[in-house]
2 protein chains.
Amino acid sequence: MAAPPNDTRDRIAQAAGELFRRQGYSATGLQQIAAASQARIGSIYHFFPNKDALAEAVIRAGGAAYGAMVLALLEHGPDDPVEALGAAFARAADDLAATGYADACPIATIALEVASTNEPLRRATAEVFTAWTDGLAAWCARFVADPEGARDLATAILTSLEGAFMLSRALRDPGPLLAAGRSVTRLATAMRTDPAGTPP
Amino acid sequence: MAAPPNDTRDRIAQAAGELFRRQGYSATGLQQIAAASQARIGSIYHFFPNKDALAEAVIRAGGAAYGAMVLALLEHGPDDPVEALGAAFARAADDLAATGYADACPIATIALEVASTNEPLRRATAEVFTAWTDGLAAWCARFVADPEGARDLATAILTSLEGAFMLSRALRDPGPLLAAGRSVTRLATAMRTDPAGTPP
DNA sequence: GTCTATATACCGATAGAC
DNA sequence: GTCTATCGGTATATAGAC
């Protein structure tokens, strides 16, 4: 999407991100990352001092990219924000099913693994979640006047998405993601300040 | 709560469950489980054929216990179901903070780790999530007449709880859990069929 | 910057004494 | 049913040639 140079460092980071999100941080070995990125272990250590540093780079870069992608999806979707929300959840369900229920949130698995065991990585995931919430809250503020209400709705969108990703992956069924979409659009409708475009 | 006999098998399963939920499945070694349960590795292999079998037993037993606990919390809370929901989320936030943001959902971390890598364990987590959804849907059916609506609300409660657990653990902040509680109660209010007890 | 070889430690699992 | 010793394999990380 953005970065053109397919150099070794990028290949390593991308392969690591894909493996971390699918099977978790602990279960992914450096040998596997090297094989997936067609690099040598020595090259990984040339670009990253250790596995934790690689993970932190992957969390921050992948988090920024995913947040930008979601916001772009909302902004370039239907004009009505509630419809855009519903379309985004439907799109997430399609994409998840298309990858065999493998690729959902890029940092969710790592976030749970490190929350109580690795403070630097926990902090990295926290900063990504906070940035996502900020971005969503700014988008929600377009149709929810109360700033606290906009932030609550943003949190509801993000937590519903994360939880629905978890259930849909475990069940191998888009149902939870679609149900979460229905609930979030209903909630957004109830919270929207400006009811323009809503027929009686 | 239920089982009185503190025999070796129970100690192993309980210690394994605690470690799995806090730091994940892959990151937890049998040596650590043995140390935490004051058993020997040989004893673990006496009761469970391998690590996967231990995990499956932990997922199913822990899942059943947690589901029963949540339903009991809802049923023995305030008479008004919406108030009971809000109290349950507030209670979850208190409990999470009290454990240093360590003990949230007993199977969430494992579920994400195994969703794409371990089919028997993935199936175990799916069955637990389905049982939870069924139980919640039955409870929701008390005040939401439409069965599909009750099931959607049950899914919304569960996905919001899981996603909010994730964010609250990562941020070390009860905020997301409390915000999810506000959103879920608002949603339940909008969906409730019987508005008895709701003052104007 | 790339690659090989290796150090050290721990992994899950097994065998067998008691 | 409990415990010790140990197997083969892999983990992260390092040293150093090229």
Side-chain angles (χ1 to χ4, degrees), chain A residues 3-59 61 109-110 113-114 116-122 124, chain B residues 3-59 61 109-110 113-114 116-122 124:
Chain A
N6 189 19
D7 60 6
T8 306
R9 202 196 124 107
D10 275 4
R11 291 205 322 274
I12 291 170
Q14 176 147 356
E18 203 164 299
L19 290 166
F20 288 161
R21 89 163 68 178
R22 290 186 186 194
Q23 59 188 17
Y25 180 57
S26 300
T28 302
L30 296 179
Q31 273 196 102
Q32 193 179 8
I33 295 171
S37 60
Q38 289 190 289
R40 296 294 114 86
I41 290 207
S43 297
I44 299 180
Y45 279 99
H46 174 72
F47 292 108
F48 305 95
N50 52 48
K51 195 189 175 187
D52 274 15
L54 168 60
E56 183 167 339
V58 164
I59 289 167
T109 311
I110 311 183
E113 285 182 280
V114 304
S116 303
T117 60
N118 189 320
E119 183 62 14
L121 291 188
R122 189 225 108 219
Chain B
N6 188 19
D7 58 8
T8 306
R9 203 196 122 105
D10 276 3
R11 289 204 323 274
I12 292 170
Q14 175 145 359
E18 202 162 302
L19 290 166
F20 289 161
R21 89 161 71 178
R22 291 187 185 194
Q23 58 186 25
Y25 180 58
S26 300
T28 303
L30 295 178
Q31 271 196 113
Q32 193 179 9
I33 295 171
S37 59
Q38 289 191 290
R40 295 293 114 90
I41 289 205
S43 297
I44 298 180
Y45 278 99
H46 175 72
F47 292 108
F48 305 95
N50 51 45
K51 195 189 176 188
D52 274 14
L54 168 59
E56 183 166 341
V58 163
I59 289 167
T109 311
I110 311 183
E113 285 182 280
V114 304
S116 304
T117 60
N118 189 318
E119 184 60 16
L121 292 188
R122 189 226 107 217

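Every chain is numbered from 1, with letters handed out A, B, ... down the list of sequences. Being a predicted model, the structure only gives us computed values, none of them experimental.
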Going by atom type alone, with no hydrogens or angles, which donor-acceptor pairs under 3.5 Å involve a side-chain atom of residues 32-43 of chain A and a protein atom two or more places apart or on another chain?
| residue | atom | partner | partner atom | Å |
| --- | --- | --- | --- | --- |
| A:Gln32 | OE1 | A:Gln23 | NE2 | 2.7 |
| A:Ser37 | OG | A:Ile33 | O | 2.8 |
| A:Ser37 | OG | A:Ala34 | O | 3.4 |

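- Nucleic acid contact for A:Gly29: sugar-phosphate only, since backbone atoms but no base atoms lie under 4.0 Å from a heavy atom of the residue.
- When every heavy atom of A:Lys51 is checked against every heavy atom of A:Leu30, the shortest pair comes out as CG-CD2, 3.9 Å.
- Separating the CZ atom of B:Arg40 from the P atom of D:dT6 is a distance of 17 Å, rounded to the nearest angstrom.
- Of all the heavy atoms in A:Ala55 and A:Tyr25, the pair that sits closest is CB-CE1, 3.4 Å.
- Nucleotides of DNA chain C that come within less than 4.0 Å of any heavy atom of chain A span, from the 5' end to the 3' end, C:dG1 to C:dT4.
- Between A:Pro49 and A:Gln32, it is A:Gln32 whose nearest contact on DNA chain D lies nearer the 5' terminus.
- Atom CD of residue A:Glu56 and atom CD1 of residue A:Ile110 lie 11.0 Å apart, to the nearest 0.5 angstrom.
- Here the side chain of A:Glu113 pairs a donor or acceptor atom with the backbone of A:Ser26 at under 3.5 angstrom.
- A:Tyr45 comes within 4.0 angstrom of a nucleotide base, judged by non-hydrogen atoms across all strands.
- If you measure from atom CD of A:Gln31 to atom C1' of D:dG9, you get 10 Å, rounded to the nearest angstrom.
- Atom CD1 of B:Ile59 is separated from atom CG of B:Leu54 by 9.5 Å, given to the nearest 0.5 angstrom.
- In this structure, B:Thr28 reaches the sugar-phosphate backbone alone: every heavy-atom distance under 4.0 Å involves primed, P, OP1 or OP2 atoms, never a base.
- Distance, A:Gln23 CD to D:dA11 C1': 14 Å, rounded to whole Å.
- Note: CD1 (B:Ile44) to P (D:dT4) measures 13 Å, nearest angstrom.
- The distance from atom CG of A:Leu30 to atom P of D:dT12 is 4 Å, rounded to the nearest whole Å.
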